[in-house]
Amino acid sequence: MRRGAIVQLVVLAAAISAAVTAIAIFIPWLPVQASEQRERIDFVFWFTTAICIFIFAVVASVSVYAGVKFRAKPDDDTDGKPVHGHTRLEIIWTVVPLVLVIAIAIVSAVALAQNERLPSNHLKVDVTAQQFAWSFSYPGQGDLSTGELHLPVDVPVEFRFEARDVLHSFWVPQFGQKQDAVPVAERKNRTRLVVTPTRVGTYPIICTELCGLGHALMRANVVVERPAAFRRWMRERRGAQGGGGTARLAGRAVYEQNGCGGCHVFGPAGSAGRVGPSLDRLEAEARRANRGSLAAFTRESIVNVGAYIEPGYQNVMPNTFGQLPKDQLDALVDYLVQGARNGG
Ligand code: CUA
């Protein structure tokens, strides 16, 4: 290739790669970074993307250049000059990609190994997934269990996942990783995930495994807060759930632990699930069902889920709630009945 041609090619390549790099860098494509692991994943992502942009620019430039420069003139029906292999060029286009792919593999392996590493000083959180709600418990923290995840900032967390019914998948976009929750019967080991939150804020927890009718609504929040605020929250929750709490607080705790709000609207709990009928209208539903007192109807609807189905809804409620311990079931029924009376 002549010198002039090479200069043209280099200018074209630089222009294309500058334009594509600007699009990649100046538009915020990704959610905010809120974990150490996400920062490593993003590094691998941008490392790979930079290589791709470079290769794309070279290939696009050569293609465009060749299309313009070597186009046959009108009425030129002669055959092109026969071209044979070019050993040096072939070695270059084999060795360069090989080196780049090995570099990506090494960078990825290092990021993965670092993301799996768990310091001995960490917080444990057990995550239970079920149609269609998340619940979280903190082992070693006095049976504390909740429907909204709270985490202290800059403290490594080990999540352990378990599903009650079908496969679900835990995803916080700002944390950058996903992990499946596998039903107990199928699991050999509980799946796990290490996350070190780095940014105070509230982020969505999204189920990313199609798990049934309410899949799109299977969401919760994770609140990342300063350690002092986290400790305060833990104390308050423990107070609400412990023996000192009133029956109503206990009922609310059962409601939240079992993820009832994932599928039901219920004003007193501030829940807005749309999969199942509204619990604010329990009294009207009980009248339609005509199956005894409000409390009896409420209890039957939990224990024997198919007994009455509100018009306009399908029965997708898990039948596992009948196995709740009696005191919890009593507290839950009481909580729902009181709340429906006061609200409705
Ligand atoms: Cu759980 Cu989708």
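It should be emphasised that the depicted structure is a prediction, and the values quoted were computed from it without experimental measurement. Counting starts at 1 for both ligands and their atoms, in listed order.
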Checklist entry - What angle, in degrees and rounded to 10°, do you get at atom 1 (Cu) of ligand 1 when you join it to SG of Cys211 and to SG of Cys207? => result 120°
Checklist outcome for this item: Of all N, O or S atoms in His168, the one closest to atom 1 (Cu) of ligand 1 is ND1
Item to check | Side chain Gln131, main chain Val166, donor-acceptor under 3.5 Å | outcome: no
Next on the checklist: Would you call the rings of Tyr335 and Tyr255 parallel, tilted or perpendicular, taking 30° and 60° as the class edges?
Outcome noted: perpendicular
Checklist entry - Would you call Glu36 and Arg40 a salt bridge, taking side-chain N to carboxylate O under 4.0 Å as the test? => result yes
Checklist entry - Taking His264 for the side chain and Pro277 for the main chain, is one N or O donor matched with an acceptor at less than 3.5 Å? => result yes
Next on the checklist: atom 1 (Cu) of ligand 1 and Ser169: any N/O/S contact shorter than 2.8 Å?
Outcome noted: no
Item to check | ND1 (His215) to atom 2 (Cu) of ligand 1 to O (Glu209) angle, given to the nearest 10 degrees | outcome: 80°
